[in-house]
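The structure under discussion appears below in the form of structure tokens.
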Amino acid sequence: MKIQTAGEQKYQDFIRERSTRIRTGMIIWESLICIALICGFTDIRITLILGVLGVGLAVVILKAQRSLREKLDGIEDKEEFYRQLTAPDIFEIKAPHLLIVRDYVLVYQNDVYVYALKDMEKLEVGICSDGKTLFLTDKNQKRHELISTKKGVTSQEDFDLVYHKLKDRI
């Protein structure tokens, strides 16, 4: 993807860790296939094992790459989305990797998630013995975890800031 605007750069910075993992996985599966080809001259068993591992990893990595590219498919006006990423009222928390802009919430936990606030019905707080979790609930009643104080990942202050930023928008 060729970056043309500051908003696109901000999004690329947000997904950088996920992109790096995918690129690393691509290097590994390509290396496995190359080693398998080289081993083909000496031991066919090693060739088959490395080849199967390389192809399996390639399938997983290519699916992850396609999934990452599709994260923005649900956004109707990408220009406006990128413009919002560079607006002065953007709210960002580095520790759980969360961005709140006017119409969207971006979260990076194990994967990248982009939630349109217009598709959300309510904001919920889940409380358990080891902390609190903030959820966005969509119109199909599916809950999407945004931030959690469990295991000391997020401070109570950051949790409260995110809650107050979102409570009036939904």
Side-chain angles (χ1 to χ4, degrees), residues 1-86 90 92-101 103-117 119-120 126 130-131 133-138 140-154 158 162:
M1 177 179 161
K2 186 176 178 182
I3 297 172
Q4 297 177 352
T5 67
E8 289 172 330
Q9 181 63 51
K10 180 77 172 177
Y11 180 73
Q12 290 302 316
D13 291 344
F14 183 78
I15 66 169
R16 177 168 285 131
E17 185 177 333
R18 183 76 176 132
S19 297
T20 302
R21 285 184 185 176
I22 290 172
R23 275 193 301 268
T24 301
M26 289 181 80
I27 291 168
I28 292 170
W29 75 259
E30 290 168 348
S31 300
L32 284 172
I33 297 294
C34 290
I35 293 170
L37 290 172
I38 292 168
C39 290
F41 296 113
T42 58
D43 190 350
I44 194 70
R45 288 175 292 175
I46 294 175
T47 300
L48 290 174
I49 292 170
L50 292 175
V52 168
L53 286 173
V55 169
L57 186 58
V59 168
V60 170
I61 294 299
L62 292 174
K63 280 184 182 180
Q65 186 179 35
R66 186 176 333 115
S67 172
L68 186 60
R69 267 192 253 120
E70 292 171 351
K71 295 297 178 183
L72 300 180
D73 286 350
I75 297 174
E76 296 157 4
D77 187 357
K78 288 187 179 59
E79 260 185 55
E80 177 59 24
F81 171 75
Y82 290 131
R83 208 172 293 119
Q84 289 181 26
L85 288 175
T86 58
I90 190 170
E92 183 172 8
I93 296 179
K94 298 281 186 193
H97 219 67
L98 178 114
L99 279 173
I100 300 173
V101 295
D103 297 328
Y104 300 94
V105 176
L106 289 80
V107 179
Y108 177 73
Q109 292 167 349
N110 296 326
D111 199 0
V112 175
Y113 301 97
V114 179
Y115 302 115
L117 292 175
D119 296 335
M120 298 299 148
D130 59 344
T133 304
L134 189 62
F135 296 97
L136 280 175
T137 303
D138 63 22
N140 298 324
Q141 301 305 309
K142 184 176 180 194
R143 296 170 89 190
H144 308 279
E145 182 178 333
L146 296 181
I147 194 169
S148 178
T149 61
K150 296 177 189 174
K151 303 174 189 164
V153 173
T154 305
D158 286 344
V162 172

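Values in this document were obtained by computation on a predicted structure and should not be read as measured data. All residue numbers in this chain count up from 1 along the given sequence.
- Considering CD1 of I61 and CD1 of I27, their distance stands at 10.5 Å, rounded to 0.5 Å.
- K78 and I75 get closest at one heavy-atom pair: NZ-O, 3.5 Å.
- At most 12 heavy atoms of other shown residues, nucleotides or ligands fall within 6.0 angstrom of atom CD in E79.
- For the pair D103/L117, no side-chain contact is recorded, criterion being any heavy-atom separation below 4.5 Å from C-beta on.
- The two residues L68 and S19 come nearest to each other via the heavy atoms CD2-OG, 3.7 Å.
- For K142, the side-chain hydrogen bond (donor to acceptor under 3.5 Å, both in side chains) test picks out no residue, with sequence neighbours left out.
- When the shell of 6.0 Å around CD of E70 is examined, it contains more than 12 heavy atoms from other residues, nucleotides or ligands.
- A 4.5 Å side-chain heavy-atom check between L72 and Y82 finds at least one atom pair inside the cut-off.
- None of F81, Y115, Y11 except one satisfies the ring-ring contact (aromatic ring centres under 6.0 Å, His included) rule with Y104; the exception is F81.
- Considering every non-hydrogen atom in both M120 and L136, the closest pair reads SD-CB, 3.8 Å.
- At least one donor-acceptor pair under 3.5 Å links the side chain of T47 to the backbone N or O of C39.
- Heavy atoms only, all atoms of each residue included: D111 and R18 are closest at OD1-NE, 3.3 Å.
- Between K63 atom NZ and S67 atom OG the span is 11.0 Å, to the nearest 0.5 Å.
- Under the 4.5 Å side-chain criterion, counting only non-hydrogen atoms from C-beta, R23 is in contact with T20.
- Remark: the E80 side chain and the Q84 side chain contain an N/O donor-acceptor pair separated by less than 3.5 Å.
- Qualifying ring-ring contact (aromatic ring centres under 6.0 Å, His included) partners for F14, counting only residues two or more places apart in sequence or in other chains: H97.
- Here the straight-line distance linking atom CG of L32 with atom CG of L57 works out to 6.5 Å at 0.5 Å rounding.
- Here CG of L146 is found 10.5 Å from CG of L106. Values are rounded to the nearest 0.5 Å.
- Taking each heavy atom of K10 and L85 in turn, the nearest pair found is CG-O, 3.7 Å.
- In this structure a side-chain-to-backbone donor-acceptor pair under 3.5 Å is missing from K71 to V114.
- In summary, E145 and R143 do not engage in a salt bridge, as defined by a charged side-chain N under 4.0 Å from a carboxylate O.
- To the nearest 0.5 angstrom, R69 atom CZ is 11.0 Å from I15 atom CD1.
- Considering CG of L53 and CD1 of I33, their distance stands at 9.0 Å, rounded to 0.5 Å.
- G51 and A36 make their closest contact through N-CB, 3.7 Å (heavy atoms, listed as atom of the first residue, atom of the second, distance).
- The pair R16-D13 meets the salt-bridge criterion, with a side-chain N (NZ, NE, NH1 or NH2) lying under 4.0 Å from an Asp/Glu carboxylate O.
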